[in-house]
Amino acid sequence: MDLEVKGIAASPTSQAQPFSGRKKLLQQGQTSKSWAIQNPRLPVVPPLDLQSLIDSDEEDDFSHIPLSTAHIHFNPPNSSSALSCITPCQVSRTQLNENEPEQDITPENLPAPTSKYKLKYQQYETEMKEGYKQYSQRNAEKTKSNIMQQSPKNKIDDKCVQGEEAIIDTLTTLDRKALLQQGYAEIPYNAQRSTRRSDAEIVAAERKKQTVAEQVMTDHLSRIRTHSTLTENMLSHKVQFDGRIISRNGRDACRELIGFFFIHDQSLTIYEYRQFGKNRTNVLPFIQKNIYSHQCGRRKGKQYQLGDFYVGGNLTFLSSDHPRLPESIKENKLLILRITNIDQIALYSLKTDSVEHEDDITSQEANDRLVLEAVQDVLKEQLLKRGVRILTGLGKYLKQLDKEGTGLLDKAAVKRALQEFHLQVSEDALESAWQVLEGDAGGKADYGEFTRAVIGEMNEYRKSFVRKAFMKLDFNKTGCVPLTDIRKCYCAKKHPQVISGHSTEEEIKLSFLETLKGACSKSDEVSYGEFEDYYEGLSIGIVNDEDFVNIVRTPWGI
């Protein structure tokens, strides 16, 4: 009986699998016919229609029906047997071929696909590509709308700039190329990597401060004589702070200075920390320990007190009082040092213990600050998207007006420079700002200080990363970097437009170099002041500090 089932089941199974090998199907069809003749009692099976195996342009009724759901019925005459209705799913593979091993049968002499099927495949391929393209566009629009709704950050790329009709007339090609750098702010924030970097930087800074503090204690304790009342306990009551020199000279601006203000006698000292390679360091006195006073501003002539020490505060010294200063610093009458960081715990503790009333800020200084902030608010809107081009060009223009190279200009020259770059400031506001910033220079003021005051500055946290980037480029400590070195070190691989394929690395790099060249007084190198001006202008359009740090860190690898 098993043999009979095999003979009957072979035919429908073969018909359900038209590409299973024609020779074997012919043999199976002849075998079933001979069984029917030798066994007249069995129902007659209809012969196989082998012509159905040939490809045809006309589709059969079963071409789209899955094998698992196709039922083939046989109705032999005068038969009510259960074999009258058999489906391919009711006969297992082992029952079909018990004596033959399982193996895939390779089709032989298959005809080439017809033109009709080729056309259908091409239509299917075209529809799939078009559908994927539309799906990608919908996803991109959805992501963009979510970013605009959820993120208040000012993320501008070249396409966004071109779409803003309100300001399109005021932007130049260089403005748009400069704004491409803001794309680095769109890089996803990596909290783990940022934390790891911050921890390493904190450890290095603490090690540096500890080295300097030990050197200071050693220097001053070694000078104590037996009749001196200076003790280690007195020296321990101090506030430690970091500082930088406000200078256009890159070598001086990047000096690492650490100062100490001692409470017992209101004296201060400043040391310079130098590092050579990875392991060799040197700590040298920069400003000798002494009692000093303000040399300019509203507090000119007043002795430094605890209230004068805060992040952003300026300390001024006469260069002539310190003969050991570098020659590049002694060229200027005043040495201005900006406090960039301070030991807040020690400062709070000493302020709490101090019985003296500290006049932290006078009413005149408060009014001066309000005047400058009002001017800055007016100019900020004008600089929002044109900051890079204006600040780099303004610095270059003022330097050209300074024929004597003193760093000082009169009010008329500064006013003409502002008008040249279409910075609208009222006469009253300009006069008030000039009265605040004018020094004892016969009606002239430091134009670098003036522009920083009326336009505003990025905070010290941002400036610290700009200095790190420049120090990495200026490995010879000359204060200037050749453009060829900048080109080699700048990396645009992680720029979002490069990742998405909208721009190449070379295009992003060229856009940066072209805008940076606009700040250069020389065609083949960039000074620290020019490098800082570039990022100062870029900083105006960046609200979040971490976004700005991304813009500086990513291309320079710091």
Side-chain angles (χ1 to χ4, degrees), residues 144 147 153-165 167-188 383-397 421 458 462 465-466 468-470 472-474 480-544 547-558:
K144 183 178 179 180
I147 291 175
K153 299 174 184 176
N154 185 18
K155 300 179 184 231
I156 306 173
D157 59 10
D158 192 40
K159 291 184 178 180
C160 292
V161 172
Q162 293 178 1
E164 295 179 355
E165 298 295 339
I167 60 167
I168 194 70
D169 294 334
T170 63
L171 295 179
T172 66
T173 302
L174 287 179
D175 289 327
R176 296 189 183 95
K177 289 182 177 180
L179 290 173
L180 284 175
Q181 296 299 306
Q182 294 189 10
Y184 288 111
E186 299 179 9
I187 297 176
L383 292 166
L384 188 60
K385 295 177 177 62
R386 300 181 295 138
V388 172
R389 178 173 57 88
I390 289 180
L391 281 185
T392 55
L394 184 62
K396 187 176 179 180
Y397 184 79
F421 286 86
M458 55 182 167
R462 298 187 182 195
F465 285 93
V466 175
K468 285 179 184 178
F470 190 82
K472 180 178 181 179
L473 297 170
D474 186 22
C480 293
V481 180
L483 280 172
T484 53
D485 290 348
I486 291 180
R487 185 183 181 88
K488 291 177 183 177
C489 295
Y490 184 90
C491 178
K493 288 183 179 180
K494 295 183 180 180
H495 193 283
Q497 289 202 16
V498 175
I499 295 174
S500 64
H502 290 89
S503 302
T504 63
E505 293 181 48
E506 189 64 21
E507 289 173 346
I508 299 298
K509 183 182 293 187
L510 286 176
S511 68
F512 170 75
L513 292 174
E514 287 179 22
T515 51
L516 185 61
K517 283 180 181 178
C520 302
S521 56
K522 297 182 179 180
S523 60
D524 58 345
E525 65 179 17
V526 181
S527 68
Y528 171 77
E530 294 162 347
F531 189 81
E532 185 184 53
D533 283 346
Y534 176 90
Y535 281 103
E536 191 81 65
L538 199 62
S539 176
I540 295 174
I542 307 298
V543 178
N544 188 277
D547 285 345
F548 180 81
V549 170
N550 248 359
I551 291 173
V552 180
R553 258 183 167 167
T554 306
W556 302 118
I558 58 174

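If you read the sequence from its start, that first residue is 1, and numbering goes on from there. The structure displayed is predicted, hence computed values, not measured ones.
Taking all atoms of both residues into account, the shortest heavy-atom contact from G183 to P496 is O-CG, 3.1 Å. Of all heavy-atom pairs spanning R386 and F421, the tightest one is NH1-O, 4.4 Å. Summarising the geometry of G557 relative to K472, their closest heavy-atom pair is O-NZ, 3.2 Å, with the distance given to 0.1 Å.
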Q: Apply the test ring pair (Phe, Tyr, Trp, His ring centres under 6.0 Å) to residues W556 and F512: give CA-CA distance (whole Å), side-chain angles for both, the deciding distance (0.1 Å), then the verdict.
A: CA-CA 12 Å; W556 302 118; F512 170 75; 5.7 Å; yes
Q: Please report the C-alpha distance between F531 and V481 in whole Å, then the side-chain angles of each, then the deciding distance to 0.1 Å, and finally whether the side chain to side chain contact (heavy atoms under 4.5 Å, CB included) criterion is met.
A: CA-CA 9 Å; F531 189 81; V481 180; over 6 Å; no
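Side chain of K509 to backbone of T504: no donor-acceptor contact under 3.5 angstrom is found. Listed for the H495 side chain is a donor-acceptor partner under 3.5 Å among the backbone atoms of L180. Under the 3.5 Å distance criterion, the side-chain polar atoms of S500 are matched with a main-chain donor or acceptor of Q497.
Counting heavy atoms from C-beta on, the side chains of D175 and K385 never come closer than 4.5 Å. Counting heavy atoms from C-beta on, the side chains of K493 and P555 never come closer than 4.5 Å. Within the 4.5 Å cutoff, side-chain heavy atoms of I540 are placed close to those of L391. In this structure, the side chains of V466 and E536 stay at 4.5 Å or more apart for every pair of heavy atoms. Taking the side chain as every heavy atom from C-beta outward, Y184 and I508 approach each other to under 4.5 Å. For the pair R462 and V549, the minimum side-chain heavy-atom distance is 4.5 Å or more.
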Exercise answer: donor-acceptor pairs, residues 518-526 side-chain atoms, under 3.5 Å, sequence neighbours excluded:
from : atom 1 : to   : atom 2 : distance (Å)
S521 : OG     : E530 : OE2    : 3.2
K522 : NZ     : E525 : OE2    : 3.3

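A side-chain donor from one of R389 and T172 sits under 3.5 Å from a side-chain acceptor of the other.
Rounded to the nearest 0.5 angstrom, L383 CG and S539 OG are separated by 11.5 Å. To the nearest 0.5 angstrom, L538 atom CG is 7.5 Å from L179 atom CG. How far CG of N550 is from CZ of F465: 10.0 Å, rounded to the nearest 0.5 Å. Residue L516 holds its CG atom at 13.5 Å from NZ of K177, rounded to the nearest 0.5 Å. Between atom CG of residue L510 and atom OG1 of residue T515 there is a gap of 10.5 Å, rounded to the nearest 0.5 Å.
For residues 495-507, every residue pair satisfying the salt bridge (Lys or Arg N to Asp or Glu O under 4.0 Å) rule, not counting sequence neighbours, is listed here: R487-E506.
E532 pairs in a side-chain hydrogen bond (donor to acceptor under 3.5 Å, both in side chains) with only one of the listed residues (Y534, Y528, Y535), which is Y528. For the pairing with K468, the side-chain contact (heavy atoms from CB on, under 4.5 Å) check across V552, I558, L473 returns one residue only, I558.
Counted within 6.0 Å of NZ on K517, heavy atoms from surrounding residues, nucleotides or ligands total 12 or fewer; the atom is thus considered open.
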